[in-house]
Amino acid sequence: MNRLVAFLLCLSISFSLIAQSDNAYNLLPFPAQFAGKDGHFTVSTATRIVVNAKDAGQRAAAQTLANQLKTVSGFPIAVAPASPALAKGKHIVFQAHKTGKCGPEGYILNVSPDRVVVEAETPKGYFYAVQTLLQLLPTAVFSPAKVDNVAWNIPACQILDRPRYGYRGLMLDVSRNFMPVSFVKRFIDLMAMHKFNTFHWHLTDDQGWRIEIKKYPKLTQIGSRRKETVVGHNAENYPFKYDGKEYGGFYTQAQIAEVVRYAAARHITIIPEIEMPGHALAALASYPELSCDPAKKYEVATRWGIFKDVYCPNESTFAFLQNVLTEVMALFPGKYIHIGGDECPKDAWNASAFCQDLIKKLKLKDEHELQSYFIQRIEKFVNSKGRAIIGWDEILEGGLAPNATVMSWRGTEGGIEAAKQKHNVVMTPGDFCYLDQYQGNPVQEPLAGGGFLPIEKVYSYEPTPAELTPEQQKYILGVQGNVWTEYIPTTQHVEYMVFPRASALAEIGWIPQGPRNFEDFAVRLKEHLKRLSYLNVNYSKRLLDIRAVTQFTDADQLQVRLEKLDSDSKMYYTTNGKQPSTSSTEYFTPIALKKTTTIKAISSAGAQFEETFYIHRAKGKSYTYANAAAEKSDPNKKKLTDGQVAQSPRNKSEWVSVSGGDLEVTIDLGDVRPVTKISANFLKRISYNDFPPTSVEIGLSQDGTTYKDAISQPVKYTLEGSWGILPVVADFKTARARYVRIKAKNAGPASAGFPREGLPTAVSVDEVVVE
Ligand code: TNX
């Protein structure tokens, strides 16, 4: 019996609330209204797909279904015009819906053993109905070739489906790493299968200009190529290391037009993004006169980050951008043009006499208002051509352009503010929608930018902020996942980062508002992954991964709970260092540890797990920080003593961090007891201003006021080289204490020559081990 949650859009029609049958309905996204029935329709050699021949939308959707069914079954399934002869018989019948229940994207599907009836009001509705029919069919329908011995049954059901949001998007960055046309099409196919309707194509950035502009050939001759690319993570090496290999790529206008047509046939609108006024180095390298300092030599960026050289807001820049946008608008017929607007440092404008004069002349308050002026001029131009702009949430700073739509990425605040100002909003907050973050243990995952976004967190996201009034909530157009590609060099890797997290996002954008059930989603997702396997998608297997969560008990022991997202596989583990097998202990309840132990586990779904848990006297003990910043990076006050030692510099969120000051923490062991040794690890990521402390003082106290026996030691390390972890150890021989205080001295602002010179450095620490 499949667990089903029926999502209700409106109660007015006669679908039953939760209908159960013996059929499996692994639909993703799940329909708005669903009723399962007993029995099934069987596709046979006699089945025809019947359409109104005059309806091109019906014909196109029916053909998509016929092609796939023909491929996998080998039956001569054909699309046939409606006729009296076909009015009876076991066929799949498309017909126009008249009462307006479907809306622009919805459809009604009635599957009974005798007939399948597909209704919609638009070509898109028919297209989505077909996506659902394919998911109702045996998973092998996604095979690229004939599959024998499958009964092509469609389980009986009644569906009325329409999406919650009109905007359901994915963004792909092709500037940092270029993706060929063939892959962009595949990406679009995979989007369509998930009923996404918007592809945001990030075409320009500091590291490469990727769209041919006929009037400005240097944009691709120069701007699409970079000399080399930083090796590893941007923060990994000081000084930066480069690969010495030229890198480039761009799309011709003919290719772009082809992709636009391809997407339209799959009911996906493309939003092109041309970044301004920041993230513009590739353009400045091509045409230095667009900068505030044309004498300076500009190069297409060879590493990641934010760069101070940006477009100068002068007339020749505006003429250039208008000419570029004119060509862009001719290629992309959609309503929206994305103009970027994010991460534009104001250094160049501060230093420019022209900009300072302009600020005075226009009676602007500051450079933020100058940015606003910039965006508003561009908006006027884009509006004059009948189009609208979208920008990242920084376009709120200094005043929003009158008709702009805001993409909220730095959390949800920008989106909330924009909706309050009656502007449309697309929600894409980094914490929930950035598919370039880690989705599993950073040590085992391929290198990523940082951050941690497991699929269950994606699935938990509610795009419409509760703090908005119902009236304001209407401005939330929908939700989007972003795929920034700094650390995603191959198409295979894009697939790995995107799927199945995008499957979760697709469902969030589609199903009605209300509580979501991850377990139910996970059951359907497991089947959905098999579809992705047929399509050869290199998806992440995190769904099957084993993870550990630690808990403390009064009895001075660490409890390790092993978890996984799929509920039907079994786990087996060892604590003696041996490789587990299905004859090892099966996991049912948390494992209690009294000493430092390595747990190795496997699951019947093929997952492998290994982690060492450090048992020490401070484990689970509470502590206080002297710094608000430390509190902020450790809100649950758990990280330092949870028995899980940060294993790599890859994911900053495992560390407790204080920027611009010393770090001070006091741990309360609960009672006075012997203490022999204290160790703590510090993070070194020089290029990102995570400097180890210059010295560490570790003191002990019995009453929490007087600290005796303090051991103070300088921390020695070389600045050059790779990022890393520095252990600091203090031996106390035979001391007794209840309180342990650690003071770690901040190295001060980075001096000249460092990548982030002049900016404060941070002290970052994890797990304080007390023995
Ligand atoms: C911030 S999100 C950026 C991008 C980076 C991304 C990395 C946004 C509007 N700007 O330029 O690629 O972070 O996660």
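Order of appearance sets the numbers: ligands from 1, and atoms from 1 within every ligand. Not measured: the values here are computed from a predicted model.
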What about Tyr247 and Phe178, are their ring centers closer than 6.0 Å?
no
Ser460 side chain vs Lys457 backbone, donor-acceptor pair below 3.5 Å:
yes
Start with the C-alpha gap between Tyr216 and Ser286, add the side-chain angles, then the distance that decides, and say whether side chain to side chain donor-acceptor pair (under 3.5 Å) holds.
CA-CA 9 Å; Tyr216 301 106; Ser286 315; over 6 Å; no
Nearest to atom 10 (N) of ligand 1, what protein heavy atom do you find, and at what distance?
Asp342 OD2, 2.9 Å
Indicate yes or no: does an N/O atom of Trp484 lie under 3.5 Å from an N/O atom of ligand 1?
no
Should Lys241 and Glu228 count as an ion pair when the cut-off is N to O under 4.0 Å?
no
Residue and atom name of the nearest protein heavy atom (relative to atom 1 (C) of ligand 1), distance in Å to one decimal:
Glu343 OE2, 3.4 Å
among protein heavy atoms, the one nearest atom 2 (S) of ligand 1 is Tyr434 OH, 2.6 Å
Using a 4.0 Å cutoff against the non-hydrogen atoms of His279, which atoms of ligand 1 qualify?
11 (O)
Judging by distance only, is a nitrogen or oxygen of Glu486 under 3.5 angstrom from one on ligand 1?
yes
May I ask whether Gln437 places a heavy atom under 4.0 Å from ligand 1?
no
What atoms of ligand 1 come closer than 4.0 angstrom to any heavy atom of Trp392?
9 (C)
How close does the nearest protein non-hydrogen atom get to atom 11 (O) of ligand 1, and which residue and atom is it?
Arg176 NH2, 2.9 Å
Below 4.0 angstrom, N of the basic side chain to O of the carboxylate: do Glu236 and Arg303 qualify?
no
Would you mind checking if Lys346 and Asp366 are paired as a salt bridge, meaning a charged N to carboxylate O distance below 4.0 Å?
no
Pairing of Glu289 and Lys218 as salt bridge, 4.0 angstrom limit
no
Give me the residue, atom name and distance of the protein heavy atom closest to atom 14 (O) of ligand 1.
Asp436 OD2, 2.8 Å
Give yes or no for whether the N/O distance cutoff of 3.5 Å, strictly under, is met between Asp173 and ligand 1.
no
Does the side chain of Asn323 come under 3.5 Å of the side chain of Thr326 through a donor N or O and an acceptor N or O?
no
Asp205 N/O to ligand 1 N/O under 3.5 Å
no
